[in-house]
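Model, not experiment: these values are computed from the prediction.
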Amino acid sequence: MPALLPVASRLLLLPRALLTMASGSPPTQPSPASDSGSGYVPGSVSAAFVTCPNEKVAKEIARAVVEKRLAACVNLIPQITSIYEWKGKIEEDSEVLMMIKTQSSLVPALTDFVRSVHPYEVAEVIALPVEQGNFPYLQWVRQVTESVSDSSTVLP
């Protein structure tokens, strides 16, 4: 029974992350170069987030950005609730969140395209760089969007 174990023995049952947090030293992370020799450049892939008023609009934009190779994949997360201030008033709306995986170098073109087709006066387009992840997936994102990143312009 765990309650009867001496304190030192119970410490062995704690997850390693808890022990490193308690000791004040950060958990060891594999370096990008040691990640199966992947050679992934941290931040070269981004996850961009866009909110849409409904599923129809989100699907239309998602399909278009994938077809134009501005994104490798778009996940649609339905029925999120957004609470925000707009024109001096607190608003609350049900929206669909798009999670878009793309090359970081394509975020400006992705943003321009979304702004050109989005029904909102000010479309939310924010992107976060991916520092780590499953190398085969990150490589796939880069391969799918490679032809666009090689060209100098992307037209809507």
Check: Which heavy atom in Ala64 sits nearest to a heavy atom in Phe113, and how many Å separate them?
Finding: CB-CZ, 3.6 Å
Next item on the list: Indicate the atoms forming the closest heavy-atom contact of Gly43 with Pro129, along with that distance.
Entry: CA-CB, 3.8 Å
Margin query: For residues Val50 and Leu97: do they belong to one hydrophobic cluster (side chain heavy atoms under 4.5 Å, members Ile, Leu, Val, Met, Phe, Trp, Tyr)?
Written below: no
Margin query: Just verifying a value: how many Å separate Leu106 CG and Lys101 NZ, rounded to the nearest 0.5 Å?
Written below: 15.0 Å
Item checked: Ser105 side, atom OG; Glu146 side, atom CD - distance, nearest 0.5 Å -> 8.0 Å
Checklist line | Glu55 atom CD: more than 12 heavy-atom contacts under 6.0 Å | finding: no
Donor-acceptor list for residues 78-86 side chains, cut-off 3.5 Å, not counting sequence neighbours:
residue : atom : partner : partner atom : Å
Ser82   : OG   : Glu95   : OE1          : 2.4
Tyr84   : OH   : Asp93   : OD2          : 2.4
Glu85   : OE2  : Gly88   : N            : 2.5

Notebook entry, point to check: Between Val45 and Tyr137, is a side chain to side chain contact (heavy atoms under 4.5 Å, CB included) present by the stated rule, with each step listed?
Noted result: CA-CA 10 Å; Val45 169; Tyr137 181 82; over 6 Å; no
Margin query: To the closest 0.5 Å, what do you measure between CE (Met98) and CZ (Phe49)?
Written below: 11.5 Å
Notebook entry, point to check: Transitively linked via ILVMFWY side-chain contacts under 4.5 Å: Val96 with Val114?
Noted result: yes
Note to self: Determine whether a donor-acceptor pair (N or O, by modelled atom type, separation under 3.5 Å) exists between the side chain of Thr102 and the backbone of Leu70.
What the structure shows: yes
Item checked: Leu76 to Ala62 - nearest heavy-atom pair and separation -> CD2-CB, 4.2 Å
Check: What distance separates Leu110 CG from Arg69 CZ, expressed to the nearest 0.5 Å?
Finding: 15.0 Å
Next item on the list: Please report the shortest heavy-atom distance between Ile61 and Cys52, naming the atom on each side.
Entry: CD1-SG, 4.1 Å
Margin query: Is there a continuous path of hydrophobic side-chain contacts, each under 4.5 Å between heavy atoms, that joins Val107 to Val66?
Written below: no
Item checked: OG1-CD1 distance between Thr51 and Ile77, expressed to the nearest 0.5 angstrom -> 11.5 Å
Note to self: On a heavy-atom basis, which atom in Ala71 and which in Ile100 lie closest, and how many Å separate them?
What the structure shows: CB-CG2, 3.3 Å
Checklist line | Same apolar cluster: Val74 and Met99, side chain cutoff 4.5 Å | finding: no
Checklist line | Spacing of Glu124 atom CD and His118 atom NE2 [to the nearest 0.5 Å] | finding: 8.5 Å
